[in-house]
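Hydrogens, waters and symmetry mates play no part in the numbers below; they use all other heavy atoms, side chains included.
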Amino acid sequence: IAAVMLDCVARGLVTEGVLPGKLGVQRRAPTLWRKLDGAPLSNERESLFDWLNAYAMAVNEENAAGGRVVTAPTNGAAGIIPAIIRYYCVDSERPAKDIRTFLLTAGG
């Protein structure tokens with residue numbers, strides 16, 4: 001489950017273009033991610049929310065495009081769990097253990 005979530009984040013951060021549908025909504029996650037990746041850290045709290053927003057938006061845009069997503073906790077909120085895993089667990093000292101612990105806690 002975590003691997004699918006992280007794959008979805010990764011795809012959403014690099015896939016550009018217009019989302020399907022008549023509204024012509026442009027994907028925003030890749031642009032936000034490039035800005036964050038290329039900028040020095042400023043305010044830690046603001047930076048935290050910017051990174052979480054970029055990861056969650058990447059998943060939500062993949063969802064809107066009909067990509068493969070894990071719809072947890074719900075389809076409409078599918079971005080937040082993968083965003084937290086990506087931000088807090090992937091670069092930790094024990095990523096596999098931290099991801100399992102987080103998913104068990106979130107499931108509870």
Visitor: Spell out, yes or no, whether Val90 and Met57 are grouped together once hydrophobic residues are joined by side-chain heavy atoms under 4.5 Å, including indirect joins.
Guide: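 Same cluster.
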Visitor: For residues Ile81 and Leu103, determine if any side-chain heavy atom of one lies less than 4.5 Å from a side-chain heavy atom of the other.
Guide: yes
Visitor: Could you walk me through whether Ile84 and Tyr55 pass the side-chain contact (heavy atoms from CB on, under 4.5 Å) test, one step at a time?
Guide: CA-CA 8 Å; Ile84 293 171; Tyr55 296 145; over 6 Å; no
Visitor: What closest approach, in Å, do Thr15 and Pro30 show between heavy atoms, and which atom pair accounts for it?
Guide: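 The pair with the smallest heavy-atom distance is O-CG, 3.1 Å.
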Visitor: Stepwise, does the side-chain contact (heavy atoms from CB on, under 4.5 Å) test hold for Arg27 with Leu19?
Guide: CA-CA 6 Å; Arg27 286 180 179 251; Leu19 293 168; 3.8 Å; yes
Visitor: Got a second to check how far Lys97's NZ is from Cys89's SG, nearest 0.5 Å?
Guide: 11.0 Å
Visitor: Heavy-atom count around Arg28 CZ within 6.0 Å, excluding the residue itself: above 12?
Guide: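 Not more than 12 within 6.0 Å, no.
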Visitor: Keeping the roles fixed (side chain from Arg11, backbone from Arg68), state whether a donor-acceptor pair exists under 3.5 Å.
Guide: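 Present.
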Visitor: Any chain of hydrophobic side-chain contacts (each under 4.5 Å) joining Val18 to Trp33?
Guide: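 Val18 does not cluster with Trp33.
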Visitor: Distance-only, no hydrogens or angles: does the Asn60 side chain make a donor-acceptor pair with backbone N or O of Ala56 under 3.5 Å?
Guide: yes
Visitor: Report the C-alpha distance between Leu6 and Arg86 in whole Å, list the side-chain angles of each, state the deciding distance to 0.1 Å, and finish with yes or no for side-chain contact (heavy atoms from CB on, under 4.5 Å).
Guide: CA-CA 7 Å; Leu6 292 171; Arg86 176 63 186 88; 4.0 Å; yes
Visitor: Among Leu32, Asp37, Thr31, which one satisfies side chain to side chain contact (heavy atoms under 4.5 Å, CB included) with Arg34?
Guide: Thr31
Visitor: Keeping the roles fixed (side chain from Asn53, backbone from Phe49), state whether a donor-acceptor pair exists under 3.5 Å.
Guide: yes
Visitor: Taking all atoms of both residues into account, what is the closest heavy-atom pair of Ser92 and Asp98, and its distance?
Guide: OG-OD2, 2.6 Å
Visitor: By salt bridge (charged side-chain N to carboxylate O under 4.0 Å, His left out), which residues pair with Glu61, not counting sequence neighbours?
Guide: none
Visitor: Are Tyr87 and Val4 connected in the hydrophobic side-chain network, where two residues link if heavy atoms are under 4.5 Å apart?
Guide: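 Both belong to a single hydrophobic cluster.
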Visitor: What are the two closest non-hydrogen atoms of Ala29 and Ala54, and how far apart are they?
Guide: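 Scanning both residues, the minimum pair turns out to be CB-O, 3.9 Å.
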